[in-house]
Each structure stands twice: as C-alpha cells, then as structure tokens.
Amino acid sequence: MKYVIGIDLGTSAVKTILVDQNGEVAAEATKRYPLIQIKSGYSEQDPELWVKQTILSLIELVSQFHGDPKDIEGVSFSGQMHGLVLLGENNQVLRPAILWNDTRTSPQCELITKEFGEEILRISKNRVLEGFTLPKILWVKEHEPEVFQQTTHFLLPKDYVRYRMTGMIHSEYSDAAGTLLLDIAKKEWNLEICNKFEIPINICPPLIESHAFVGTLLSEIADETGLAPETKVFAGGADNACGAIGAGILSPMYTLCSIGTSGVILSYEDDKERDYNGKVHFFNHGNPESFYSMGVTLSAGQSLTWFKDTFAKNESFEQLMEGIDEIPAGSNGLLFTPYLFGERTPYPDSSIRASFIGMNGTHKREHFVRAVMEGIIFSLNESIEIYREEGKTVDTIISIGGGAKSDVWLQMQADIFNTRVVKLKSEQGPGLGAAMLAAFGAGWFSSLEECANQFIQFTDEFLPQAEQVINYKKLFKIYQLIYLNTKEISEKLQDFRL
Ligand SMILES: Nc1ncnc2c1ncn2[C@@H]1O[C@H](COP(=O)(O)OP(=O)(O)O)[C@@H](O)[C@H]1O
Ligand SMILES: O=C(CO)[C@@H](O)[C@H](O)COP(=O)(O)O
C-alpha cells in the first residue's frame, strides 16, 4: 500500500495526516503554536516555530506508521492564507510573519483603495482589505524601511515551510490569489500594481500549479522526520482551496462551511468572469483552471477559543459545551457578534468589535457559550444570504474545520442556514485536500475529481428543524441590527484599546 501526507499549516496548529491509496486516514498528529498579539489589531507568528512544529508533527506521524517509509510517496501542503513572510539575503527571515487576521494596515488600505482600488478589483477580483498581503508589504515599507530594503523575496506561510523542506522557492496560484498582486485570470504577478506601489516584481516568487512537483525532501529533513529522502513534495494550496478540494467542492453542487480560527462560506465558480463586485473574495482554486468565491468571518472558531481560554481555561471544548443543547434558540435573549478582530464579510470593517447584547440576571455560563456559537453561525449566514441574493442555490453544506467536531454546532448550522449539513469522516478537510494534491501530483489519479471519488467519505447529516428555522430567522434579523448600532460605539472606543 502507498501513502501520501497532507500538512495543514493552520493558524492555531499544524495538523498532519497520513492517507493511504483508498483515502483512509492511517495516522494524524497536531502541534500547536501561539499567536503573538502585542497590540490590539496586531497578529504575528514566528515562521521558525511553524517549521519546528511541522517537523515534530511529522516525527509523531511517522512514528505511528509501521510500514516502510519509502511507501510514503508524496507530501503536500495547505496553509493559512495571506500572511507575509519576508526573506533577505541567504533567505533568512527578516521579521515575524504578519498574519491574515492582523488589521494594522487600515491606512495602507485607504491609500491603495484611493489610488488604485478599482484597478485592483478588476485585476485581482478582490477588494482591498487589511488581511491581504499587499497592504502588509506597504506597512513594512513605511514603518520598517530597512527591512523592506533587505527583502529579496516575500513568501506565504506554507510556501515558507515548503521552502525549508525542499530548498526551493515558489508560490502557487491559489495562495498567490490572496495577495492582491496576482492577475487572477491571467495567472501572473501584475507589473502595473507592483510598479504603482514601487514593489520590485522580482520579490514575488515564481508561480506553479498546486499539484506541481517541486522536488524531494532535503536530506536533513528526511533524517529528522524519518521520511525517505526520495519523498516527493508537491506545491499545495491555500487552506480554503484545500478545504474545498478535501470536501469535494469541485463543482457548483455543494457549498462549504469551514469553522477554523476564521470561518468561511465557500462556493465553486465555473465562470472566471463572475462579478460579485468585491462583496465576497474571488480566488483561483487548487483544481487547475477553476475558481471559488467565499465570505469570511474573521473570528469564528477563535471567538469560542477566546471564551474558553478566558473563562474555562482548563476545560475541554466538550466540557465547555455541556448543557447547551437544552437551551432554546436565542440563548434566552442573549446575542453575540464575533467581531473580536474586526470583520470582513459582509462588513469590511477593522474597527468594529464584538458584543454580548441582552444579558440579564438569569443567564449562566452555558447561555454565553450558546450565544457565542449562535453568533458565529449568524455571521456566516450573512455570507449565505449574499449568495442567495446573487441567485445561487444553497441547499447542501459540507462542514469542515475544528467546529465540525461538535454535533450541536452542526445542527445549529442546519437550523440557521436552513440547509442540509453534511459532515466528513475526517473533519480535517484542508489536510485531506493537501493529501489529495499529493496523490494527484504523484499520478495516482488522472484528476482531482477522480481522487475525490476515492478519498472523500461523508458520515452524518443534519437536517433543518422547522420550528428552529422560524425562530432563527427572527433572531437573525435582530442580530443584523447589532452591527449597525455598535459601529459608532466601536469607533469611539478605539482610542482606549491597547
Ligand atoms: N471539540 C470541539 N468542538 C467544537 N469546536 C471545536 C472543538 N475543538 C476545536 N474547536 C474549534 O475549532 C477551532 C480550530 O479549528 P481548526 O480547523 O483546527 O483551526 P485552524 O485551521 O485555524 O488552526 C477552534 O478555534 C475551536 O473553536
Ligand atoms: O484569511 C483567511 C481567508 O481569506 C483565513 O481563512 C485564513 O486562510 C486562515 O484560515 P484558518 O486558520 O482559520 O483555517
């Protein structure tokens, strides 16, 4: 039996899975790393820690495997998107990576939008937002000019880890699409945008397809991890592109819901000319010549993690959620908006912050937990509404990410989205998508669709419950009022945030 490995470089942890030729997950390992948040709005990570934890995770994965490591034919990657890694001479890292959920770049976004926003929307198919890579590059150029001067390349997070495992520098289209520097339709770095903002185009890495063969493992990485030095490494994709592959979103039939640190509602796009006018993001898929669009809740799973770390640090998620299924929809009149780090869809607003509304003396901790979980799904429902308004049919959702571990949360998705919600056998959609890219790249299958037929297995399904659907429709309308009514308050509080 042959095997492939998918490495998912998430925001909270790196997750590795070993998958056999039938698509069965033979081993899994996870290694966590922290976010560095020195100020409100700042979010960084140490790229060296990504490499260290990836290697530790692979060591653990290989130790669970009792076959011949030479049977592990290929490795590929899924990675948190948009993060900026700057390399200098000899490819050393020049500063900590600035992540997708870092919102310090509002002034740079305003400048880009004012000077070139319409052209960028036309070329990159995306609106200028704090999370994307171009504003981060401009922030470094303005605030750390000596770092910018030394830059020889920028890389996206998983592309840096792949570089450290192979010695080869590349980017691939699905992740490059999230930089605002890529011409999405032509699949090339855009000289016009680079010139406009005085970014030397040669700091942009060479572009390849997601399933492209990059090289074999460096011998020291093979020695350390226990993998064979001839293990083939394939480029990989953005975590949402890989999530889409791993959940079988290879046609417009299904919609994806991912609850990781962020939350995503994602739809396959077969027409590259489809124009949402920047209301949702539009990116190259990991499947060659295809595209997807998505709406993003910045702090989805992260809101629940924040609540747990702050009020129930030593409990598991399962303990935290005990009793919440007995509480009625709407948590006895308590609502939560998940804007801990600002928001993206439908409100591109970096200064909005989260709120609990409706607290009264009868509320217990479990009401707050349920309200947080409901608020996250309400926020994702805003993206579903956009798709429905644009004429898309959303009737089946494939749900992935850490959030898909909870059946109560999956039922809440079915009731709030008013759709059938289906769970995968392994909730590690992006990791499975990465493994599928390795399997396709290694020639096991003639297409990702063929691979999906073999690899993807659905388990439970959750159907909307009529009474809950009615209640949640009413609650969603009230939830939508919170943004409008807290926007000004959030702005006024900005001066008091550290
Ligand atoms: N047992 C669980 N039940 C429900 N949600 C969970 C559970 N464990 C983790 N989560 C949620 O999953 C999120 C992490 O998901 P994951 O897909 O691993 O994120 P990332 O890819 O961003 O690192 C956490 O923030 C948390 O909200
Ligand atoms: O910024 C985005 C997508 O545009 C995020 O979805 C990141 O890609 C991080 O993903 P997770 O770690 O939450 O899976």
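Hydrogens, waters and symmetry mates are skipped; everything else that's a heavy atom, side chains included, is used. We count ligands from 1, going down the list as the structure has it; atoms in each ligand are counted the same way.
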**Item:** His211 and Phe234 aromatic centres sub-6.0 Å
**Value:** no
**Asked** Do NZ/NE/NH1/NH2 and the carboxylate oxygens of Glu374 and Arg370 come within less than 4.0 Å?
**Response** yes
**Asked** So which protein heavy atom does atom 4 (O) of ligand 2 come closest to, and at what separation?
**Response** His82 NE2, 2.6 Å
**Prompt:** Which atoms of ligand 2 are found less than 4.0 Å from any heavy atom of Met294?
**Reply:** 3 (C), 4 (O)
**Message:** Quick check: Tyr292 with Tyr268 (ring centres under 6.0 Å apart)?
**Reply:** no
**Message:** I'd like to know if Lys405 and Glu318 make a salt bridge, using a cut-off of under 4.0 Å between side-chain N and carboxylate O.
**Reply:** no
**Prompt:** Hey, is ligand 2 close enough to Asn240 that some N/O pair sits below 3.5 Å?
**Reply:** yes
**Prompt:** Where is the nearest protein heavy atom to atom 12 (O) of ligand 2: which residue, which atom, and how far?
**Reply:** Thr11 OG1, 2.5 Å
**Fill in**
The closest protein heavy-atom partner of atom 6 (O) of ligand 2 is Ser262 OG, 2.9 Å
**Electrostatic pair Lys392-Glu269, nearest N-O below 4.0 angstrom** = yes
**Prompt:** Name the one of Phe291, Phe132, Tyr276, Trp100 that satisfies ring-ring contact (aromatic ring centres under 6.0 Å, His included) with His281?
**Reply:** Phe132
**Message:** Would Thr261 count as being in polar contact with ligand 2, using the rule that some N or O on each side must be under 3.5 angstrom apart?
**Reply:** yes
**Asked** Any side-chain heavy atom of Ile397 within less than 4.5 Å of one from Val422?
**Response** no
**Message:** Counting only heavy atoms and a distance below 4.0 Å, can you name the residues contacting ligand 1?
**Reply:** Gly10, Thr11, Ser12, Ala13, Lys15, Ile259, Gly260, Thr261, Gly301, Gln302, Leu304, Thr305, Phe317, Glu318, Met321, Gly401, Gly402, Gly403, Lys405, Ser406, Trp409
**Request:** For the pair Phe476 and Tyr479, name the ring-plane relationship: parallel under 30°, tilted 30 to 60°, perpendicular over 60°.
**Result:** parallel
**Prompt:** atom 10 (O) of ligand 2: which protein heavy atom is closest, and how many Å away?
**Reply:** Asp239 OD2, 2.7 Å
**Message:** Between Arg274 and Asp271, does any NZ, NE, NH1 or NH2 come within less than 4.0 Å of an OD or OE carboxylate oxygen?
**Reply:** no
**Request:** Fit a plane to each ring of Phe307 and Phe311, take the angle between them on a 0 to 90° scale, and name the class: parallel (under 30°), tilted (30 to 60°) or perpendicular (over 60°).
**Result:** tilted
**Message:** I want to confirm something. Looking only at heavy atoms, which of Gln80, Arg344, Met81 is nearest to atom 1 (O) of ligand 2?
**Reply:** Arg344
